[in-house]
Student: 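Let me begin by handing over the structure; questions about it come next.
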Amino acid sequence: MTVVIILACLFTLLLARVPVAFALGFLGLAMLVVGGFSPLMAPQAILSTLDGFILLAVPLFLLMSNVLLKAGVGADLFNAVQAWVGHWPGGIAVATILSCAFFAAISGSSVATAATIGTVAIPEMISRGYDRRFVYGLLAAGGTLGILIPPSIPMIVYGFVTEESVIALFLAGIGPGMVLVALFIGYSMIYARFINRNKSPAKASGAERRKATIRALPSIALATLIMTGIYSGAFTPTEAAAIGFSAALLITAVFLRSLSWAKFKEAAHESMVTTVAILLIIAGAKIFGKAIALYRIPQDISVMISENFGTPLGFILVISVVLLVMGLVFEALSMVLIMTPVLLPGAIGLGFDPIWFGIYMVILVECALITPPVGLNLYVIQSVAKSSLGDVCRGVLPFLVLMLLTVVLLYLLPDMALYIPFKL
Amino acid sequence: ADVTLRVTLQLPLKSHLGQNMVLFEKEVEEKSGGAIDVEIYDSATLYKDKEVPAAVGSGSIEMGVVSLTRYVGDVPAVDIFYQPFLFDTEAKVRSAVAKGSTVRAPLDAAIAETGSTVLWWQAYGGAVLLSKEEPVKTPADMVGKKVRVFGKTLGDFVTATGGAPTLVSGSEQYLAYQRGTVDLGMTGVSGVASRKLWEVMDTITITNHADIEFIVVVNTDFWNELSEEHKEIIAAAGLVAEADVRDRMTSIEADAYSLAEENGMTLYTPTAEEVSEWRAASEPVYEAFTEQAGDLGATVLNAAKAL
Amino acid sequence: MSVTRLFDWLNRVGTALASCLFVAAGAMLTYEVIARYFFTKPTSWAAELSQMCLIWGALLAMASLLSKRQHIQVDAVVQLLPGHVVRWVDMLVLMVVGIFSGVVTWYGFEIFYDSFIRGRTTGSMLNIPIWIVELAVPVGFFMLTLQCVYEIKRTLFRVVSPAEGVSS
Ligand code: NA
Ligand code: NA
């Protein structure tokens, strides 16, 4: 009963447009006061959240990708990839996905990935005769690679909440990320070959390829630096983010000379705004999390899970449905923050690896990003393409199916995620 | 129940400190006939270790389990237990941590001034060094190496011996060793088993260069408002728990070492000459401690040396 | 008018400081990696000072994010309501945020003050007074509380509707 009342209050606050951070914080504080617990917990929770070293990676990864974004790296990447694969059947679509994957390796956010690549790829694909809905769906879904391929802000947040290794999460995201890229590419080629025949551009000449590649090389080198730095153990995630930011500045301001002072200030300002919004949600969720812990709600749910879903398969099926439904209306990060403390104890009890479970959560969060009515990537594509939300939503459907297929594969083959961090 | 005691605990319930709290819970609830209810919030669901002193001191929660050295911001002298090789035998540790001892009593009194009353101490074991292939026999083996540390004094110790201290959290430890982010590891020996560190490190040097202690604290205002009868029950249960965990620690450590060996790790115990080399190299750490920890620091240091 | 200017100025200072602090954190940590990786001389200050940058930055910019409606929120339902209802819903929203931030300011000050008079330090590698960090909570949330009061007044007298507030 308490659970129902709490959920009703939470939904009312959220739907009334109380900022998520304050809805969670206010409700948590109210629960503390009602339960006779000290309100001191609220400022203590805020301080302890902001005192998390790993969360420093959030502004720094955002700074890195925003600096690259303002310097026009998206177009460079897309042109380079297109020069290599553009002439394949469905070549522009393939180039779009690969560009999303490359950009994902330097950006921790899905929205940034969708916006960056969408701005250049959507006009190009539509001018080549691709169906609008397919294009929108491809970009909205391709953008979600941003949080599956490391770095990834939701993974940082998951690692922070569960005290699991963020590096392990990053490494575990690579395998499923590759699988998803392969599925998207396969689908695009089949689509272009059999459903929506369209003309691919002529094969680029060697000189064109060379020129485009050189232009994109710095950002690819940067992605490689970050990945090898993390993989080899040279950097902690936070340090990797700092190095990435400094290297991005060096590349764009000194080598490419494509970053002006004004653009740098914009990048700094926008990263700051996103960071503050994200950190406050985490802090609000922490207050809420303490309050529900004091009411013993996660424990009760964990017991309920172990009593009702004896098998791992049943558990995963049920929580997948719950997360998909929640994902319709919930903002992605709040979903991770609210559900992880509730579900993880039960999942570990059933023998799931916490790192595996983090990757599973991230893929379901990706689904939430592209399911209406509330899906940030849908909004981004809608505004970039100046189209109707309905078109974007319909276009996204086949890609949603592919993402759910990835979840099934991940369940059947846990090593898809766990091989790289633990067995390689 | 008339009284509810909520306890925040950083470690999981199945850890030996968690089991110790369960023992306390049973004692208290039995002896009070259910008038006192103990609720344990384990695995840091409410507070991380570093937040516990403020949480209990301010009355946000009634009780907490926290590592002793977390109080270093309030009572710099608690770092006496991290002074390298000061408590290098079990006998010394036992006399230092006994209730009312010349080392412990002044610390308990100083902690009381932060608004928390110390109920009992929980043994966690000694700190050891981890390495690959070669043991860390002397300070010479530390020179130029990146060493994982947790806390300032241990960092000073690494600096004094010529290494580069690097803060790595417990959760990143495994990968930091696996990937070589640091060259040498440092942990309490129970951490080796719980994090399966034998998969990434193969040698333990049993330096016992620091003694890791946890304390169970209760908010003083809350404590003073309890009836005498309840105070007695709780204090008595605390004593039972304290004796139990101290006695079990010896076998827990022995088990941890044999488990590490079964999993392919080599154990190395430094010789007496090597230990005196370590002590000599640690001289700057003792000096820094004397400087920072004031009169109280000098008092407990002298008491410790006299053991 | 001058009150509006004062708030605008405060928010500009807050966001500018926050941006600078985050960039500074990036610079310090870069230095740390270079010092550790190339010279095996990790610093004792980079990790902690950059953490302080994060804490102060996030809390100083909070009020500005509220005034520009940049906090993450769920807009889908409110947009379906008629205008005059939206105005009252917005009032309630601001009161929720205001009450929360008022309470946090109060108790946050208590935490700061306690550490201040006790002379508590961080006890970490750097060992600085801990109130330097804790002061950020009452300061940031006090700014946010004031901003809420101001926004409530604006909504009440309908100087600008909150939706327009973004562009104005
Ligand atoms: Na990414
Ligand atoms: Na959605």
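Order of the sequence lines fixes the chain letters, A, B, ..., with proteins taken first and strands second; residue numbering starts at 1 for each chain.
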Student: Which heavy-atom pair separates V336(A) from M361(A) by the least distance, and what is that distance?
Tutor: CA-CE, 4.1 Å
Student: Determine whether K145(B) and D141(B) satisfy the following criterion, salt bridge (charged side-chain N to carboxylate O under 4.0 Å, His left out), listing intermediate values before the conclusion.
Tutor: CA-CA 8 Å; K145(B) 298 276 171 60; D141(B) 297 327; over 6 Å; no
Student: Is any residue of residues 160-170 of chain A within less than 4.5 Å of chain B by heavy atoms, and which ones?
Tutor: F160(A), E163(A), E164(A), S165(A), V166(A), I167(A), A168(A)
Student: Is any side-chain heavy atom of Y158(A) closer than 4.5 Å to one of F357(A)?
Tutor: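 Heavy-atom side-chain distance check passes, below 4.5 Å.
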Student: Could you tell me which of S58(B), A176(B), G59(B), S43(B) has the largest number of non-hydrogen atom pairs under 4.5 Å with chain A?
Tutor: S58(B)
Student: Select, from L32(A), I230(A), L40(A), the one with the greatest count of heavy-atom pairs under 4.5 Å involving chain B.
Tutor: L40(A)
Student: With sequence neighbours left out, what residues match N20(B) under side-chain hydrogen bond (donor to acceptor under 3.5 Å, both in side chains)?
Tutor: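 Counting only residues at least two positions away or on another chain, N20(B) forms a side-chain hydrogen bond (donor to acceptor under 3.5 Å, both in side chains) with W120(B), Q122(B).
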Student: What part of K50(B) is in contact with chain A, defined as an atom under 4.5 angstrom from a non-hydrogen atom: side chain, backbone, both or neither?
Tutor: side chain
Student: At their closest point, which heavy atom of L154(B) faces which heavy atom of A210(B), and how far apart are they?
Tutor: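 So the two residues come closest at CD2-CB, 3.9 Å.
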Student: Given heavy-atom pairs under 4.5 angstrom as the criterion, report whether the side chain, backbone, both or neither of L175(B) touches chain A.
Tutor: side chain
Student: Does any backbone or side-chain atom of S48(A) lie under 4.5 Å from a heavy atom of chain B? Answer side chain, backbone, both or neither.
Tutor: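 Answer is both: backbone and side chain atoms of S48(A) are under 4.5 Å from chain B.
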Student: Inspect the contact between E62(B) and R6(B) and indicate whether a charged nitrogen and a carboxylate oxygen are less than 4.0 angstrom apart.
Tutor: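 Salt bridge: yes.
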Student: For the residue pair L55(A) and I156(A), establish whether any side-chain heavy-atom pair is separated by less than 4.5 Å.
Tutor: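 Touching, per the 4.5 Å side-chain cut-off.
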